[in-house]
Amino acid sequence: MPIYNAPTKDIQFVLHDLLKVSEQDIAGFDDLDRDFTSAVVEEAGRIASEVLHPLNVVGDTEGCVLENGVVRTPTGFKDAFEQMKEGGWTAMDCDPEYGGQGLPYVMHTAAQEPFVSANMAFNMYQGLTHGAYSAIHAHGSDEQKQKYLPKMVSCEWTGTMNLTEPHCGTDLGLMRTKAVPNGDGSYKISGQKIFISAGEHDMAENIIHLVLAKIEGGPKGIKGVSLFIVPKFMVNDDGSLGQRNGVSVGSIEEKMGIHGNSTCVMNYDEATGFLIGEEHKGMRAMFTMMNEARLGVGLQGYAQAESAYQNAVAYANDRLQGRDVTGAKNPDGPADPLIVHPDIRRNLMDQKSFVEGARAFTYWGAYLIDRAHKNNDADADGLISLMTPVIKGFLTDKGFEYATAAQQVYGGHGYIEEWGMSQYARDARIAMIYEGANGVQALDLVGRKLAQDGGKHVMAFFEMVKSFIKDNEANEALKADFLDPLKAASKDLQAAGMYFMQNATKPNNALSGSYDFMHMMGHVCLGLMWARMAKAAMEALENGASDTEFYETKIATGRYYMARQLPATSMHLARINTGADTVMALDAANF
């Protein structure tokens, strides 16, 4: 059976050595001292290892079952969900007015990582609820907030987001789900939605669906989309549950992975719905959910790679195969362990350097969200808007890549279900698709985010990198291994941006290079994170840190990323510079 142990020391390193959370001028951050965050992270890790991880294979093998309109979740899920609720894990960063603990979002992110690594499918039930809570909290009326949020914060009621229909995914302007006014402020919602995660299950008293639909007579296309609250059971004025609403499950999707999550076809048959915000402004409210969800999905990408990596390391140390070419390392045994071989080391270092860099990148993104929301910092808001497609797209692409790389360490055993490695690859694969397929993330980055506010935010990022390099140039220990590679990669990224500007009259050139640009930017962001982490680790050693091995390992891992991973930016730049001619050369009939 696979193993999982929460990387609590690495999480603490990012929170305190890198982000220095307790020193930030953000409301609530001064409470985040090492003792407090350690207690939270250690307990989250314990629950992940002892409660959630043993259920991961159960969810994968049993899946969810639809019986008489009710979805039965896998054995043990319901009890585990009760433990999550009782421990307050669903309410960490939620508004205290509605029963939340009011902690910063970065702490929510740090606690979520072990849960996702241990059991991604299970954690989606509370994850979707958190997104629905955020949308109602940001855009709902006071009455709606009072009626729905307290029960959603506690996860007595869970939430969903309903966007996709059989004939439309990304192009939501094509949706057919309609909303007809009842004359009393409510609407009749009719239509079908597919791929609805946690659409129906047996772990909550009620499910609050957030549904995109078009009000009859509204504008065509995406401008005519509105967002509605459609509860599974109607909620009476006193908060008690009333009659069943006109929403039902058509079927459970048969999926490649995340079998423990009930992904449903949802049918709305004149179900009663309540408008959130203004008519025809549904996408603005839905993006509150989607942007938060995209950071969460980026976390899913590297969190699955983390679990897979831990198992690959254990196997590489245990499995005896061949001899070290420089001399036997296990002379009393029939062979040496796999980990002595350079190609196994390369594989594991690829995984390790990515996961640790991705963790820092994601937590930094969560920190920016806190700064934007708690300090009303428009610059932080613009920067996380720029970074969101990179966090989602790059980290999930690479997360899947390294989940399969971990599987490769096992050789043939990695392909056998008994060892559990295929589940990591199968579960990680969806993260590249949902919450906006990664090709769409790249288009969003290049087509919208680079030019946002006149290019202010991407220029601020370039200046951030430049300033870090300039401020630390005198640090010889940092310069050659970290600053020089970062400078070269940043110049590649700026050259790609310049190419797009120079070819503005040929949009296919930019769109053909958008995916490469997203990966370039991802590498530069991880390069910046590694340079910062290396500096933090060096400072800790200079200040007499007792755990020298931990900090020296951190520096060595970062050095590997800068030398072996970051140079990929030059390859991506070369591809971008070829333009669209080779990409668009064939007629559709010739494919």
Side-chain angles (χ1 to χ4, degrees), residues 1-8 11 36-65 70-96 98-103 105 107-133 149-160 197-208 258-262 296 299-300 303-304 306-307 310 420 423 427:
M1 182 177 178
I3 60 168
Y4 174 70
N5 295 294
T8 54
I11 291 173
F36 176 77
T37 60
S38 177
V40 172
V41 171
E42 291 286 345
E43 181 62 11
R46 184 193 69 79
I47 292 171
S49 298
E50 297 178 8
V51 179
L52 303 186
H53 183 252
L55 297 177
N56 199 36
V57 68
V58 175
D60 189 50
T61 53
E62 287 188 14
C64 297
V65 179
V70 177
V71 172
R72 306 298 178 192
T73 51
T75 304
F77 270 43
K78 197 168 186 177
D79 289 342
F81 203 63
E82 288 302 313
Q83 291 186 55
M84 296 294 286
K85 290 190 287 186
E86 290 170 6
W89 296 103
T90 66
M92 283 186 65
D93 66 319
C94 296
D95 191 336
Y98 306 105
Q101 298 171 37
L103 290 173
Y105 184 68
M107 279 308 300
H108 166 82
T109 303
Q112 287 294 299
E113 182 192 323
F115 301 154
V116 176
S117 284
N119 197 324
M120 176 173 158
F122 174 88
N123 198 65
M124 289 171 65
Y125 291 97
Q126 65 163 327
L128 270 296
T129 305
H130 191 280
Y133 153 86
L149 294 189
K151 297 283 190 179
M152 295 177 73
V153 166
S154 66
C155 269
E156 292 171 77
W157 301 348
T158 59
T160 69
S197 300
E200 170 61 42
H201 59 86
D202 58 358
M203 300 193 298
E205 299 172 352
N206 201 5
I207 300 175
I208 310 304
I258 54 169
H259 297 150
N261 193 268
S262 55
L299 187 150
Q300 287 181 339
Q304 289 302 289
E306 166 71 41
S307 287
Q310 289 188 19
Q423 184 182 355
D427 285 359

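Put simply, OG on Ser197 and CE on Met124 are 3.5 Å apart, with the number rounded to the nearest 0.5 Å. In this structure, OG1 in Thr37 is found 11.0 Å from CG in Leu103, a value given to the nearest 0.5 Å. In this structure, CD in Gln300 is found 3.5 Å from CE in Met120, a value given to the nearest 0.5 Å. Interatomic distance, CG of Asn5 versus OG of Ser117, reported as 11.0 Å (0.5 Å rounding). Rounded to the nearest 0.5 Å, atoms CZ (Arg72) and CD (Glu62) are 13.5 Å apart.
In this structure, the side chain of Gln101 engages the main chain of Gly88 through a donor-acceptor pair within 3.5 Å. Judged by distance alone, the side chain of Gln304 and the main-chain N or O of Val116 form a donor-acceptor pair under 3.5 Å.
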Inset, instruction - Any chance you could lay out the side chain to side chain contact (heavy atoms under 4.5 Å, CB included) test for Val40 and Met92, step after step, and finish with the verdict? - result: CA-CA 10 Å; Val40 172; Met92 283 186 65; 3.9 Å; yes
Inset, instruction - In sequence, state the C-alpha distance, the side-chain angles, and the governing distance for Cys94 and His130, and then conclude on side chain to side chain contact (heavy atoms under 4.5 Å, CB included). - result: CA-CA 8 Å; Cys94 296; His130 191 280; 4.2 Å; yes
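Thr8 and Glu42 share a side-chain donor-acceptor pair at under 3.5 Å. Between the side chains of Gln310 and Glu306, at least one donor N or O sits under 3.5 Å from an acceptor N or O.
Looking at every heavy atom in both residues, Ala118 comes nearest to Ser307 through N-OG, 4.4 Å. Looking at every heavy atom in both residues, Pro54 comes nearest to Met1 through CA-CE, 3.6 Å. Across all non-hydrogen atoms, the minimal contact from Gln126 to Gln112 is NE2-NE2, 3.8 Å. For the residue pair Ser49 and Ala6, the shortest heavy atom distance occurs at OG-N, 4.0 Å. The two residues Ala121 and Asn261 make their nearest non-hydrogen contact at O-ND2, 3.2 Å. A pairwise comparison of heavy atoms in Cys155 and Thr129 identifies SG-CG2, 3.9 Å as the closest pair.
Residues Thr90 and Tyr133 form no side-chain contact, since every pair of their non-hydrogen atoms from C-beta on lies 4.5 Å or further apart. Contact of the Asp93 side chain with the Met107 side chain is not registered, since no non-hydrogen atoms from C-beta on lie closer than 4.5 Å. Thr160 has its side chain out of reach of Leu128: every pair of non-hydrogen atoms, C-beta onward, lies at least 4.5 Å apart. Annotation: side chain of Met84 is not in contact with side chain of Tyr125 (no heavy-atom distance under 4.5 Å). Looking only at side-chain heavy atoms (C-beta outward), Gln83 and Ile47 stay at 4.5 Å or farther from each other. The closest side-chain heavy-atom distance from Pro2 to Asn56 is not below 4.5 Å. At a threshold of 4.5 Å between non-hydrogen side-chain atoms, the residues Asn119 and Tyr4 do not count as touching. Side-chain contact between Phe81 and Thr158: present, with at least one pair of heavy atoms (C-beta onward) separated by less than 4.5 Å.
Of the candidates Ile258, Leu52, Val58, Thr73, Phe122 forms a side-chain contact (heavy atoms from CB on, under 4.5 Å) with just one, namely Leu52.
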